[in-house]
2 protein chains.
Amino acid sequence: MTKASALHRPHLVKRLAAEGIRLTAQRKMLVEIIQDSSDHLDAASLLRLAKKRDSHIHRATVYRTLDLLKRLSLIDELDLMHLEGEKHFYEVRTKSEHFHLACFRCGKIVEHKTPTFELLKKEISKQTGFRINVIRLEVGGECRNCGAQSSNLPRKVGVP
Amino acid sequence: MTKASALHRPHLVKRLAAEGIRLTAQRKMLVEIIQDSSDHLDAASLLRLAKKRDSHIHRATVYRTLDLLKRLSLIDELDLMHLEGEKHFYEVRTKSEHFHLACFRCGKIVEHKTPTFELLKKEISKQTGFRINVIRLEVGGECRNCGAQSSNLPRKVGVP
DNA sequence: CATCTGATGCGACTGAGTCGCATTAAGTCA
DNA sequence: TGACTTAATGCGACTCAGTCGCATCAGATG
């Protein structure tokens, strides 16, 4: 489950400071790990990585920090179609909307982007009057590779 | 959390039979409850309703049946932006794609539909080569009403 | 540097969902 | 219709993600 890119590195720590958020050592560390990760991390993985740097950091701190970053719209929460259990994954929010495709067969996660998605977002606001804070599009199915190879059962969902 | 409509009633029991699925009393009952509900049910609510008819039905049967219906693409699973905990909600899959908007302030769930969403789905298939089994779009924010009334904190996610 | 207040660590707890296994009951066929 | 086969159910123990209350700690501020 590797992220497509970690190119731009918006300095989240600075943005936290700008918000007047108390900058604890733990928060700095967690934010750095999230930013530097090339994967979509879930809470447990984040905790595991954090413990390598400070073995005393606690699960609750990780959850509280993720909550904070979510509320500040600095990160987005993903389900990735619950391909592996009920956990959530996190990624730094970028300016341009993208979404995720999950292959039920091989488990691959692909990030994708198209102007139609941006258009859709604008349209939704206009049509419904919602002020959109979060928009999450997830697609589950069979990637090109897997579709080419066979016609067995998808792993979790789909035609039986 | 009331569903917009329960107008068309695709007879899921018949579709199960058509698939050669063993039609147990429990499955029939659960499918009926899901179909007849005007709400998005979560597993616990479904169990509660089912127990009114057959007090011996077990949690595990509910989860197994939901899994079955998901695999058969007869129902869709929703998060509804985790407005109330981590549970999932379910609805009968209809032919036309719609999606859900959740207001972080008042908790209202709105179903919405626009041709752009259908277009987006086709585009994704074409551009990525994915055979799409499930597509889930969820929007979180502030509904028109709540936005008009105040400018306090959203309930769970968003600007602090 | 002293103070104030919000954040952390901790461990117990909750709630959703899963699993293995003994028992039950659909579907089938004579 | 009744016997048979096999899948589904009920059950309870279990797992795993996430939460909570509270005592302690440490940023920020003057």
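Keep in mind that what you see is a predicted model, and the values were worked out from it rather than measured. Only this structure's heavy atoms are used, side chains among them; waters, hydrogens and symmetry mates stay out.
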Distance in angstrom units between [X] [atom1] and [N] [atom2], rounded:
X	N	atom1	atom2	value
B:L66	D:dT9	CG	P	12 Å
A:E84	D:dC16	CD	P	13 Å
A:L68	D:dT19	CG	P	14 Å
A:R59	C:dA7	CZ	C1'	17 Å
A:L16	C:dG6	CG	P	17 Å
A:Y63	C:dC13	OH	C1'	14 Å
A:D67	D:dA17	CG	P	16 Å
A:E86	D:dA17	CD	C1'	9 Å

Quiz item: To the nearest 10 degrees, how far apart in direction are the end axes of the helix from C:dC1-D:dG30 to C:dA30-D:dT1, each fit to five base pairs?
Solution: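 Comparing the axis at each end, I get an angle of 40°.
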Exercise. Determine the sole option in B:E118, B:H112, B:E91 for which the side chain to side chain donor-acceptor pair (under 3.5 Å) test with B:H98 is passed.
Key: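 Option passing the side chain to side chain donor-acceptor pair (under 3.5 Å) with B:H98: B:E91.
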Self-check item: Within one Ile-Leu-Val-Met-Phe-Trp-Tyr cluster: B:V139 and A:V134, side-chain cutoff 4.5 Å
Solution: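 No, no single cluster joins them.
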With a cut-off of less than 4.0 Å, is there a side-chain N or O of [X] near OP1 or OP2 of [N]?
X	N	value
A:R27	C:dA7	yes
B:H58	D:dA8	no
B:H88	C:dG17	yes

Minimum heavy-atom separation for [X] and [Y], please, with both atom names.
X	Y	value
B:L47	B:H58	CD1-C, 4.0 Å
A:L23	A:K28	O-CE, 4.0 Å
B:C146	B:C103	SG-SG, 3.7 Å
B:S96	B:K113	OG-NZ, 3.1 Å

Quiz prompt | Under 4.0 Å protein heavy-atom contacts per nucleotide of nucleotides 20-30 of chain C, with B for base, S for backbone only and - for none | solution = B----BBS---
Quiz item: With A:F89, which of A:I109, A:L83, A:L41, A:L80 fulfils side-chain contact (heavy atoms from CB on, under 4.5 Å)?
Solution: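 Running side-chain contact (heavy atoms from CB on, under 4.5 Å) over A:I109, A:L83, A:L41, A:L80 with A:F89 returns exactly one hit, A:L80.
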Practice problem: Please determine which of A:E86, A:K87, A:H88 meets the side-chain contact (heavy atoms from CB on, under 4.5 Å) test together with B:E86. | Solution: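 Answer after filtering A:E86, A:K87, A:H88: A:H88.
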Self-check item: B:Q26-B:T61 side chain donor-acceptor pair, cut-off 3.5 Å
Solution: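 Result is no, nothing qualifies.
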Practice problem: Rounded to the nearest 0.5 Å, what's the gap from CG on A:L30 to CG on A:L12? Could you check? | Solution: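 Answer rounded to 0.5 Å: 11.5 Å.
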Quiz item: Would you call A:D67-A:K70 a salt bridge at under 4.0 Å N-O?
Solution: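 A salt bridge links A:D67 with A:K70.
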Quiz prompt | Selection: residues 44-57 of chain A, any non-hydrogen atom under 4.0 Å of DNA chain C | solution =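 A:H56, A:I57, in order of number.
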